[in-house]
Student: 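One structure, as C-alpha cells, below. Some questions next.
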Protein chains: 2
Amino acid sequence: MSGEPKRSDARRNRARLVEAAEALFDEVGADAASMNDIARRAGVGPGTLWRHFPDKGAVTAEVVGQSLDGLATLAAELLEGPGTRDFLRQWASALIRHITRYRGLAASYAQAAGNADSPLGARCHAVEEAAAGLVRRAREAGQVRADLTASELIRLVTAVAWVEETTPPPDTAGRLLDLVFEGVRPR
Amino acid sequence: MSGEPKRSDARRNRARLVEAAEALFDEVGADAASMNDIARRAGVGPGTLWRHFPDKGAVTAEVVGQSLDGLATLAAELLEGPGTRDFLRQWASALIRHITRYRGLAASYAQAAGNADSPLGARCHAVEEAAAGLVRRAREAGQVRADLTASELIRLVTAVAWVEETTPPPDTAGRLLDLVFEGVRPR
DNA sequence: ACCTGAACACCGTTCAAGT
DNA sequence: ACCTGAACACCGTTCAAGT
C-alpha cells in the first residue's frame, strides 16, 4: 500500500503526508513525531495516513529513503574508486551522519533490523549488503583484520550513532569512530 | 519523595510498587512497563505511584539500585585488587550485563545522563566516577592508551550494550567488546 | 498523612459511513 | 477508489475528595 496511488487526490495526500512527516522529524525527532501529529499536520484524518502507510516504519522508510539510497551509491562509488586508506571510515562516517540526521532514527533502524521484510528492514538489509562489499575490499587491502564481518562493523557504527544522538556531550562520534577503527585494524 | 515513608501502609505500598515494577521490567522490559501497569499490578491507584515516585526514572532507579551499587563495589574491589591484565574489561563486561538485564535500560540511562540531578542521573554519575578510577589505573599500568577518558569508555560500552539489547543476533556483546578494547589499547 | 479513582489530553489503531 | 472522523483501549499526569 506504499506505492504511488492512482487517483490524483490520493497522490496529493500521500505527498503531503511525507512532507508533514519530514517536517515533524526535523522539529521533534522521528521518535516523538506521532502518527496523529503527522496526519494533522498534513491536514488529513488519521485513517488516511494509515491507508497510505501500514505502520510508522513505512513512513520513516519513505522519509529517509533518498538518503539511504545515497548511502548505497556512495558505497558503490567507493568500491569503484581508488581505494584510499580511509574509504571504509569515510562510508561509516556517512552512515553516522545519516542516522543522526533525525533524533530517534537509530532506534527505528534497530527495530527494523529484526523483521527484514518490513519496508525499513528491507532497506537496512540493502545497506548491509553495500557494507559487506566495502568490508571485503578493505580486508583484501589489509586495512581491517581478516575476521571482521560487515555485520560487526555496522553494529559498532550504529551503536556509535546511537550514543551520539542520545547521550551528551555531542560531537563525540568522530572520536569514538576513531577508537572503533583502531580496534578493527589488523593485529 | 522517594525515601522511606513513615506510615506503615505507605511503606507497604511503596514496597509493592517496587516489586511490581521489577516483575514488569522482567516480563515486558523497562521501556514497555507503563506507570499505569505498575500501579495496577501493585494493586494501587496511579496517584499512589506518582506520590511515591516523581517520574519513571525514579522507579527505574529504585529497581536497579542494588545492582548499580554492585557495580560501584566491584569497581572498588578491582581497584584494590592485584590489577590483572583484564580488570577493566571485567568491569565493562559487568556493566553490559547490568544494562542488558532489562530491555530498554540503555535508553533510560542515556536519557538520565542528561539531567544529573535526577535520581537515575545521580547514580549514573556515581558509576562514571567509579569508571574514572579504573581507567586511571589502567592507564598508569599501560593497559589503555593515555588519551582515553572514562567518559569515552562508558559511551562505547553503553553503546555496545544498547546494540546487544536492541539488534539481533544476540550474544555479540563479547565480540564487540573485544574489538572496542582492541581499539583502546596503547599504540 | 496518605490513598483513591475520576479526569484530561493524548496516543496507536480501526472501521463504518460517506463521496 | 479513496477519504473522513468518530470510536476504542490505552498512556502519562493531575487533583479534588476521601479516610
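Below, chain A is the first sequence line, B the second, and so on; all start at residue 1. Values below: all heavy atoms of this structure, side chains included; hydrogens, waters and symmetry mates excluded.
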Student: Given the P atoms of D:dA6 and C:dA9, what is the spacing between them in whole Å?
Tutor: 16 Å

Student: Looking at residues at least two apart in the chain, or sitting in another chain, which of them share a side-chain contact (heavy atoms from CB on, under 4.5 Å) with A:D9?
Tutor: A:R7, A:R12

Student: Could you pull out all residues at least two apart from A:T172 that satisfy side-chain contact (heavy atoms from CB on, under 4.5 Å)?
Tutor: A:E164, A:P169, A:L176, B:R155

Student: Between B:R11 and A:K56, just flag the one whose closest nucleotide in DNA chain C comes earlier from the 5' side.
Tutor: B:R11

Student: How would you list all residue pairs meeting ring-ring contact (aromatic ring centres under 6.0 Å, His included) that involve residues 24-43 of chain B, not counting sequence neighbours?
Tutor: B:F25-B:Y102

Student: Tell me, please, which residues at least two apart from A:R41 pass salt bridge (Lys or Arg N to Asp or Glu O under 4.0 Å).
Tutor: A:E27

Student: For residues 140-177 of chain A, which residue pairs pass the ring-ring contact (aromatic ring centres under 6.0 Å, His included) check, not counting sequence neighbours?
Tutor: A:W162-B:W162

Student: By the 4.0 Å heavy-atom rule, please label B:N13 as base, sugar-phosphate, or nothing.
Tutor: sugar-phosphate

Student: Regarding A:S34, tell me which of base, sugar-phosphate or nothing describes its non-hydrogen contacts under 4.0 Å with the strands shown.
Tutor: sugar-phosphate

Student: Classify the nucleic acid contact of B:R40 as base, sugar-phosphate or nothing, counting any heavy atom under 4.0 Å across all strands shown.
Tutor: sugar-phosphate

Student: In residues 21-30 of chain B, which residues come under 4.0 Å of DNA chain C by heavy atom?
Tutor: none

Student: Can you tell me which residue among A:V63, A:T60, A:T158, A:T100 is in a side-chain contact (heavy atoms from CB on, under 4.5 Å) with A:L105?
Tutor: A:T60

Student: Sequence neighbours excluded, which residues qualify as salt bridge (Lys or Arg N to Asp or Glu O under 4.0 Å) partners of A:R136?
Tutor: none

Student: Consider side-chain contact (heavy atoms from CB on, under 4.5 Å). Of A:L120, A:L24, A:L49, which one does A:V59 pass it with?
Tutor: A:L49

Student: Heavy atoms only, 4.0 Å cut-off, all strands: where does A:D9 land among base, sugar-phosphate and nothing?
Tutor: sugar-phosphate

Student: Could you list the residues that satisfy side-chain contact (heavy atoms from CB on, under 4.5 Å) with B:Q90, not counting sequence neighbours?
Tutor: B:L78, B:T84, B:D86

Student: What are the 5'-most and 3'-most nucleotides of DNA chain C lying under 4.0 Å from any heavy atom of chain B?
Tutor: C:dA1 to C:dA6

Student: On DNA chain D, nearest-nucleotide positions of B:G47 versus A:R7: which is more 5'?
Tutor: A:R7

Student: Dot-bracket notation for DNA chain C is requested: 5' to 3', Watson-Crick or G-U wobble pairs only, both distances under 3.5 Å, with ( ), [ ], | and . as defined.
Tutor: ||.|||||...|||||.||

Student: For B:A94, what residues pass the side-chain contact (heavy atoms from CB on, under 4.5 Å) criterion, not counting sequence neighbours?
Tutor: B:L71, B:L74, B:R97

Student: With sequence neighbours excluded, give me every ring-ring contact (aromatic ring centres under 6.0 Å, His included) pair touching residues 55-85 of chain A.
Tutor: none

